[in-house]
Structures are given as structure tokens and as C-alpha cells.
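Worksheet for the structure shown next.
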Amino acid sequence: MPNLHLYSAIQLSLLGLLSGCATQAPQVEAPAKTVTVASSLGSEPQAQLEAAIAPFEEETGIDVVYEFVDDIANGLIARVDAGNAPDMALLPQPTLIKTFADADVIAPLSTFLEATDLNKAYADTWLDLATVDDEIYAVWYRASVKSLVWYNPAAFERQGYDIPRTWEQLIALSDQIVADGGTPWCLGLESGPATGWPGTDWIEDLILRTSGPEAYRQWINHQITFQSEPVLQAFNTFQKVVLKEGYVKGGAASTATIPFREAADPLFQDPPGCYLHKQGNFIAAFFPPEVEARIDVDVFPLPAIDERFGTPLLVAGDAFVMFNDTPEARQLMEYFTTPAPHEAWAALGGFISPHQDVSLEAYPDLVSQKVAQILSDAEVIRFDGSDVMPSSVGAGTFWTGMVDFTQGQSAEEVTKAIDDSWPE
């Protein structure tokens, strides 16, 4: 028979030892709440995004961890295939939203967001771009407004030039600048492996202005070809600018070697090396630091050509999608539907939001406010065509075709080569 007194004494001794250990052991904290977000943002815009999300992290205690992916499309597809998808990602193309939605690897927002809230926050165009099979899958965060012409208001005032309101006035102004001994346009197509893309923006804007949004829709979906009349008309209209003697600084052939980031710099020379530059709002991030908004630089929308189609707006943008449906990811997605993170980045500059409730006062300068107003007022908005085409075309032969065009190939030759490259 066991010695019960001894057994009880051992029990008490062990209980006391365990009790002492319990009071002396360090407390084990609960695992930190995190959300991983993948994007291809460069260091500066990523820092701005981090600053915009800092209030969310402070309020919720959720740590947002950024993961840079250089080739966002192929990089994310590889990670999904490997079972290593980030919680969320910032996508630059509606086609990627559709790709991941069709593969059933991103969550529809209807599982946790009210449709009425999204309808209040975004215009139908932006919601349509995030919709696949009647489900909304993305929250748009950043817009690139592309149908802009930049100019130096001080130089315009000295020369007595007026802002053109029609295409005819724009061409007349260009002719006047040449007659006065100046060069109307700056254009740079060089962008490393993406060389040529600024030229595609010209063609897209011109199709919208000469043939309208329905022809544009058919074209980007390859229901009409690059060799069709609407596209050839746009190329021929562009030719009257880029290939006209004296119209482009350095001549058309030089544009393929002029970096797009530096192409606008001659606007700010004295006298100006050029007076007009068509580019998206993001180009302002590359202006010389001494350039002041509304004093040294301002914008106006690329004018209408056919009054039937008005002044449509070509845009690009970035949208958040959710791969892993976690409570933390849901909270962050909900945060992006509110004006707060949009206004936070807007205040830092170089950012335009598609969110309808973002105040114009959130933007730090009058030019940014003007661009935001142009976006808000636009009656027709269409997404960058090259971003929704198959990548072999939109990020391949269309880009290289614009270089070939500026080097002297005909519109017929260029468009045939692009059509021949379209995947079956």
C-alpha cells in the first residue's frame, strides 16, 4: 500500500513548484495580426502608401506587410500556383482582376461589403472594371488620368497663346508656335523594356475622339482589328502631329531614345524647347523640383475632335483584391472603400483618386485639384486599351509598333504586324 502522506507531500511540493514557475515565466503574447500586400510599386509610391495606411495600423493593431513583386502578373500567378498567395495585392489591370476571379482565387466583395456603399464611393465605370460575372472583386485606389496636355503658363502668356478648346484650335496653335520659331510638342517613347507605350496612349485617345467609345470597345476586344478604319484613322491623325516637320522636338525618329520621364523637361527651359506635352498626371512626379504648379506648369484636357463623342477620358489605375479571406484583410479592404486612405495619399502629391467622396482640398496644389476635377466631370471614361489586351499585343507588338511608326513605317504596315501577333 502506498505511503499516502509521502504521496500528498510530493503533490504539494510539485504544485508549489509549478505555481512558482507560473508566476515567474514570461507572458506569451498572442500572435500579431498581419496582412500581407503584394504590389509592384516603386520605393517612393510604396512609402506614400505606407504613410496612408499608418492610421489604419495604429487604430486596429494590424501590421500591413508589403511584398514587392516586380512582374506583378506572372509573379502572382506563380505564387498562387505554389499555394503562397499574399493576403491582398494591388493590381494595375482589369484583365488581372478577371484572370484571378475566373480562377476563383480572389474573394468577391459581396461577402462582407454592402453594394450600396461601393455604389456611393465609385462611379459605374470603375465598378464595371472591377466586376466579373456580376460580382465586384476589387476596390480601386489610384487613378492615372492620361488625356492631359501639359504646358508652361508663363511661356504661353509671354507669347500670347490661348488654351485650345478644340482639335482645330490645337493644330492652329501648333502651327503658330512653328511660325514663331518654336517647337510645339515634346514626346518621349523610351521606357526600357516598355519603350513605345506613350505612343499607344495617343492612339487610344484618338480612337475615342474620332470613332467613339463603342468602336473603342470593339477594338480592345478584337471585334474590329488594328487594320480597321477607326484605328487607321487614329494613326493618320497621330501622324499629322508626330511626323509633321517641325512639330516634335528632335524629330519623330529621336522619340524612341528620349526617356518618357524626361520628355517634358524642355517645357521649363527659357526659351521653352517645346510648348505642349501629352502625358498622364503621374508625369508630374518627374518634373524638376523647382517647377511650381500653375506658375511653371498647368494642364488642359486633350480637346475633342468629333463633337459627337465629346471629350472622353482615357485612364489607368490600381485596385486592391483579396486572395486570403481573413478578418484582417477584410478590415483593410473596408478601409480602402473610405475616403481616408485616398485623402492621405492625395495630400502627399502625385496621386489622383477615383473615389467620389475625396475632397478636392485633399490635393496639395491647384494642378492636382484640376486633374481630379477633370476626372470627376468626365462623362465618358475608358481604361487604357493596351492594359486590357493580351500582353503579347498590349505590352508587346503595340508598343514596338509605335516605335516602328515613328521610325517611318506606314500605319498599314504597323497595324498588320500587330494584328498578325494577336493570339488565336
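Side-chain atoms are counted along with the backbone in the values below, which use heavy atoms only and exclude waters and symmetry mates. This chain uses plain numbering: 1 for the first residue, then up along the sequence. The model shown is predicted, which means the values in this text are computed figures rather than measured ones.
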Step by step, work out the side chain to side chain donor-acceptor pair (under 3.5 Å) result for Q218 and E214. CA-CA 6 Å; Q218 294 174 345; E214 176 56 23; 3.2 Å; yes
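Residues D298 and V367 approach most closely at OD1-CG2, 3.9 Å, considering heavy atoms. The minimum heavy-atom distance linking A346 with P364 is given by the pair O-CD, 3.0 Å. Shown here for G182 and Y275, the closest heavy-atom pair between the two residues is CA-CE1, 4.4 Å. Taking each heavy atom of E290 and D296 in turn, the nearest pair found is O-OD2, 3.7 Å. In terms of heavy-atom proximity, A38 sits nearest to V69 at CB-CG2, 4.0 Å.
Of the possible polar contacts, none joining the E262 side chain to the P259 backbone as a donor-acceptor pair under 3.5 Å is found. A side-chain donor-acceptor contact under 3.5 Å links N152 to the backbone of L267. No donor-acceptor pair closer than 3.5 Å links the side chain of E67 to the backbone N or O of T36. With hydrogens and angles ignored, the 3.5 Å screen pairs no side-chain donor or acceptor of S376 with any backbone N or O of A372. N324 contributes no side-chain N or O that, together with a main-chain N or O of T326, makes up a donor-acceptor pair within less than 3.5 Å. The main-chain N or O of G192 is found under 3.5 Å from a side-chain atom of E190 such that the two form a donor-acceptor pair. A donor-acceptor pair is defined here as one N or O able to donate and one able to accept, closer than 3.5 Å; such a pair exists between the side chain of Q169 and the backbone of R165. With Y151 contributing its side chain and I163 its backbone, the two residues share no donor-acceptor pair below 3.5 Å. A donor-acceptor pair is defined here as one N or O able to donate and one able to accept, closer than 3.5 Å; such a pair exists between the side chain of R209 and the backbone of P312.
Legend: ring-ring contact (aromatic ring centres under 6.0 Å, His included) pairs involving residues 50-84, not counting sequence neighbours, sorted by first then second residue: F56-Y335. Counting only residues at least two apart or on different chains, the ring-ring contact (aromatic ring centres under 6.0 Å, His included) pairs with a member in residues 396-424 are W219-F398, H222-W422, F226-F398, F235-F405.
One finds the OG1 atom of T200 at 8.0 Å from the CG atom of D387 (value rounded to the nearest 0.5 Å). Interatomic distance, W140 CH2 to L90 CG, rounded to the nearest 0.5 Å: 9.0 Å. Between the CD1 atom in I418 and the CD1 atom in I203 there is a gap of 8.5 Å [rounded to 0.5 Å].
There is no side-chain donor-acceptor pair under 3.5 Å between S39 and Q46.
P288 has its side chain within reach of D265: a pair of non-hydrogen atoms, C-beta onward, lies under 4.5 Å apart. Looking at heavy atoms from C-beta onward, L170 lies in side-chain contact with L302 at the 4.5 angstrom threshold. You'll find the side chain of Q279 stays beyond 4.5 Å of the side chain of F286, heavy atoms only. Contact of the F336 side chain with the I53 side chain is registered, since non-hydrogen atoms from C-beta on lie closer than 4.5 Å. No side-chain heavy atom of F351 sits less than 4.5 Å from a side-chain heavy atom of L49.
Every residue meeting the salt bridge (charged side-chain N to carboxylate O under 4.0 Å, His left out) condition with K146, not counting sequence neighbours, appears here in chain and number order: D201, D384.
For F383 and Y216, the gap between ring centers reaches or exceeds 6.0 Å.
Between F156 and Y161, the ring planes are perpendicular. Angles over 60° get that label, and only those under 30° would be called parallel.
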